[in-house]
Structure formats: C-alpha cells, structure tokens
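Inspection log for the structure reproduced underneath, given as structure tokens.
The structure presented is a predicted model; accordingly, all values stated were derived computationally and were not measured. Basis for what follows: all heavy atoms, side chains included, without hydrogens, waters or symmetry-related copies.
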Amino acid sequence: NNICLSGGTFMNIKANKEVMGLDAVKDIFIFPSCGDETNAIGACYYTHEKETGQKPESLRNFYLGREWSEQEIISQVDEFDTGNLLIERHDNVERVVAELLANDKVVARFHGREEFGARALGNRSILANPSRWSVISEINDMIKKRDFWMPFACSILEEDSERYLRGTGKNEPLYMIMAFDGGEEIASIVAGTHPRDHTVRPQLVRQTQAPGYHAIISNFKELTGIGGVLNTSFNLHGWPLVHSPTDALTVLNTSGLRYLALGNYLISKV
C-alpha cells in the first residue's frame, strides 16, 4: 500500500496522478527527477543498508550541484559586462525579486547550489506572477519558444498548499513530479496550471529546504496575497539548465529577459 517509484516511466506526471488515485495506494513517493539516473541512487541506498545494516538518511533536498561564491560571481560579471548592464548588490535580494514579480516583471534566478535532475526548483529558474495567463506568451516570446500548449509549473509555499491543490494526503509534492487537481483558489495561479484541465504540477517550497526561495514567495504573498510563483527552467530553448554565472549572463544577454537575480546581485539591462 505504500509505494516508491523510480525510472523514466514515472516522469509522466499524469500517470503518477492515476496511480496515486488508486484505492489500494495509501502513500506514494516518486523519486525526484526520476529518470534512469535516479535508479542508480536507489541501488546505492540498497547497497548501503545491505552492507552496513543501517538505513540511509532521508533525502533532505535535491540541491546537489555546484555552488558559486560571491567572488566567483562578481569576477564572471566583470568579465562579461560590456556596459549594457546595471549591477546592484542587495542585502535582501529576495524582497527585491518579490517586488519585481508583484509588478508583473519576469525575473531569472541563479542562487545557491544547482538542482539535480530534470526539474528547476527555484535555484536555476525563471519566475513570474502566476495570476496572469498572458505571462506564458511573454516568457515564450522572451526565451522559451515552447509550443503554446506546453504547461508551466508553479512553486507554492508548503503552508499554502490547501489553497491551490486538492488530494495531497498521499504525497508530499516537493519536486514537480506529480499532478494534482486545483483547489478553490486555483484561478490566482492560472499561468502555472495545465491549459486544458487546470491541474497543477507543483513544487511545494519548504522553508527548511530552500529558505531563500521560500522568502521570495513569502514576500510576494505579502505584496499580492498569492502564495506561489510561476517557475520554469532557466535556459534557452533546447539548451540545458544554466550551470555557471557566465551561462546565466549569456541567456540574459541573448534573450528578451531584462532581470537576473544572480546571487545577491540584481542585474538589469539598461
């Protein structure tokens, strides 16, 4: 009755929703990212317990990639800047980002350790106000160039999940790997839903897992009343997720993006 699923088949979020809906299933965990690379992680977990007799620690988060120091960031900014960028350092860059989002600006975020796997979880993400359906066209025109029907996802404060989602009792949707029916306030995050049935592929943002990202959404909620933001991966269409500050600056420079939160710096086109 309690099941854990991994492997590329379970990247299909609608299939996962159907499995979760079975009466026989009481609790379901879909391994984050869930491609074949995560089967290897399961093998490591299994071998660890077999060889030591001890259960491995629970997964705390999926921010397992490279982190860049402030010195590395500003060094790459200095090398890249050709005079068309306004560079401002902020002690509370999360509040600045939230204010831009509340004013319907689209902001790319590069912060902390890179996410592992196929989903952008706020550290290498493009963020927007989810209450405007038109923001999908704006992002596609700016950078993503996706087909009009391809849905975006939504990052939602864990404490606000019941406002926007129904049926989360069997799963903690922390990694954008499950689909859920919309709750009573689904209209306020419409751009982060599927355009046909308004189901949601959410990332519940837990303060202990992603404190900076949680702070952005909390500030956005204070300004707008909305406890979530639209989240899509920070990359050019057909390219992998940005890895370095130079990658992030290149995307900013070669796309229609205007704002980049790079560590504690807000970088704007002038």
Side-chain angles (χ1 to χ4, degrees), residues 60-63 88 90-112 115 119-136 138-139 151-169 171-194 198-234 257-266 268:
R60 295 180 180 176
N61 62 62
F62 235 43
Y63 303 108
E88 303 171 300
H90 296 275
D91 291 331
N92 188 359
V93 72
E94 291 81 13
R95 179 70 183 189
V96 175
V97 171
E99 290 173 349
L100 287 168
L101 297 175
N103 285 308
D104 295 333
K105 307 300 183 184
V106 176
V107 184
R109 183 175 191 252
F110 183 109
H111 186 90
E115 300 90 330
R119 307 298 191 206
L121 300 173
N123 282 8
R124 305 289 186 274
S125 291
I126 295 170
L127 310 177
N129 185 335
S131 66
R132 294 190 305 117
W133 187 255
S134 61
V135 78
I136 293 174
E138 290 177 26
I139 294 174
F152 287 100
C154 198
S155 296
I156 299 169
L157 295 175
E158 182 180 36
E159 54 268 33
D160 281 359
S161 64
E162 292 185 2
R163 296 174 60 190
Y164 306 109
L165 308 175
R166 288 191 285 132
T168 59
N171 174 269
E172 292 183 319
L174 301 172
Y175 304 106
M176 290 185 177
I177 201 70
M178 298 289 296
F180 292 87
D181 293 324
E184 290 186 5
E185 299 184 45
I186 192 67
S188 63
I189 61 166
V190 64
T193 68
H194 193 285
H198 295 302
T199 52
V200 190
R201 172 169 55 94
Q203 172 199 6
L204 292 191
V205 180
R206 184 173 285 171
Q207 201 276 337
T208 54
Q209 284 190 332
Y213 194 31
H214 189 278
I216 288 174
I217 306 174
S218 296
N219 277 282
F220 180 74
K221 177 184 175 181
E222 180 185 325
L223 295 165
T224 66
I226 302 169
V229 297
L230 184 146
N231 171 7
T232 189
S233 59
F234 186 7
L257 280 170
R258 288 192 58 204
Y259 300 99
L260 166 61
L262 183 56
N264 291 317
Y265 292 87
L266 180 70
S268 312

By ring-ring contact (aromatic ring centres under 6.0 Å, His included) - contacts of Y175 (at least two apart):
F62
Which distance, rounded to the nearest 0.5 Å, do you find between the CE of M176 and the OG of S155?
4.0 Å
Do L174 and Q209 make a side-chain contact, defined as non-hydrogen atoms from C-beta onward lying under 4.5 Å apart?
yes
Where the side chain of N129 meets the backbone of S131, is there a donor-acceptor pair that is under 3.5 Å apart?
yes
Taking it one step at a time, do E172 and R206 satisfy salt bridge (charged side-chain N to carboxylate O under 4.0 Å, His left out)?
CA-CA 11 Å; E172 292 183 319; R206 184 173 285 171; 3.1 Å; yes
State, yes or no, whether a side-chain contact exists between Q207 and L157 at a heavy-atom distance under 4.5 Å.
no
In Å, rounded to the nearest 0.5 Å, how long is the span from CG of L127 to CZ of F234?
10.0 Å
Using atom types as modelled and distance alone, determine if a side-chain donor or acceptor of Y164 lies under 3.5 Å from a backbone N or O of E184.
no
Check for a donor-acceptor pair, side chain of N123 on one end and backbone N or O of F110 on the other, with a separation under 3.5 Å.
no
Donor-acceptor under 3.5 Å (E94 side chain, Y213 main chain)
no
What's the verdict on side-chain contact (heavy atoms from CB on, under 4.5 Å) for L204 and L165, showing C-alpha distance, side-chain angles and the deciding distance?
CA-CA 10 Å; L204 292 191; L165 308 175; 4.0 Å; yes
For the atom pair OH (Y259) and CD1 (I126), what is the distance rounded to the nearest 0.5 Å?
15.0 Å
Applying salt bridge (charged side-chain N to carboxylate O under 4.0 Å, His left out) to R119 and not counting sequence neighbours gives none
Quick one: does Q203's side chain have a donor or acceptor within less than 3.5 Å of a partner on L121's backbone?
yes
Separation of N61 CG from T208 OG1 (nearest 0.5 Å):
9.0 Å
G167 and F180 have their tightest heavy-atom pair at O-CE2, 3.4 Å
side-chain contact (heavy atoms from CB on, under 4.5 Å) between V106 and L101: does it pass, once the steps are laid out?
CA-CA 6 Å; V106 176; L101 297 175; over 6 Å; no
By side chain to side chain donor-acceptor pair (under 3.5 Å) - contacts of T193 (at least two apart)
H198
If the condition is side chain to side chain donor-acceptor pair (under 3.5 Å), which residues does E159 pass it with, not counting sequence neighbours?
H214
Non-neighbouring partners of R95 that pass side chain to side chain donor-acceptor pair (under 3.5 Å), sequence neighbours left out:
E99, N219, E222
Working note: L100 + L266, criterion side-chain contact (heavy atoms from CB on, under 4.5 Å); need CA distance, chi angles, decisive distance, verdict.
CA-CA 11 Å; L100 287 168; L266 180 70; 3.9 Å; yes
Smallest separation among heavy atoms of V107 and A261, with atom names:
CG1-N, 4.2 Å
Please determine whether side chain to side chain donor-acceptor pair (under 3.5 Å) holds for the pair T199 and D181, giving the CA-CA distance in whole Å, both sets of side-chain angles, and the decisive distance to 0.1 Å.
CA-CA 5 Å; T199 52; D181 293 324; over 6 Å; no
Which atom of G192 lies closest to which atom of L230, heavy atoms considered
N-CD1, 4.3 Å
Here the pair of heavy atoms bringing A128 nearest to V135 is CB-CG2, 3.6 Å
With no hydrogens and no angle check, is any side-chain donor or acceptor of E115 less than 3.5 Å from a backbone partner on R124?
yes
Not counting sequence neighbours, which residues clear side chain to side chain donor-acceptor pair (under 3.5 Å) with H90? List them please.
none
Please say whether more than 12 non-hydrogen atoms of neighbouring residues, nucleotides or ligands are located less than 6.0 Å from CG in N103.
yes
Looking only at the side chains, is there a donor atom on one of S134 and R132 sitting less than 3.5 Å from an acceptor on the other?
yes
What one should report as the nearest heavy-atom pair of I136 and A191 is CD1-O, 3.7 Å
V200 versus I186: any side-chain heavy-atom pair under 4.5 Å?
yes
Side-chain (S125) to main-chain (G122) donor-acceptor, under 3.5 angstrom:
yes
Rounded to the nearest 0.5 Å, what separation is found between the CZ atom of R166 and the OG atom of S161?
13.5 Å
Do P173 and P202 have side-chain heavy atoms sitting under 4.5 Å apart?
yes
Any sub-3.5 Å donor-acceptor pair from E88's side-chain atoms to Y265's backbone N or O?
no
Here the pair of heavy atoms bringing A120 nearest to N231 is O-ND2, 3.0 Å
May I have the step-by-step check of side-chain contact (heavy atoms from CB on, under 4.5 Å) for I226 and D160, ending in yes or no?
CA-CA 9 Å; I226 302 169; D160 281 359; over 6 Å; no
When rounded to the nearest 0.5 Å, the distance separating CD of E185 from CD1 of I156 is 10.5 Å
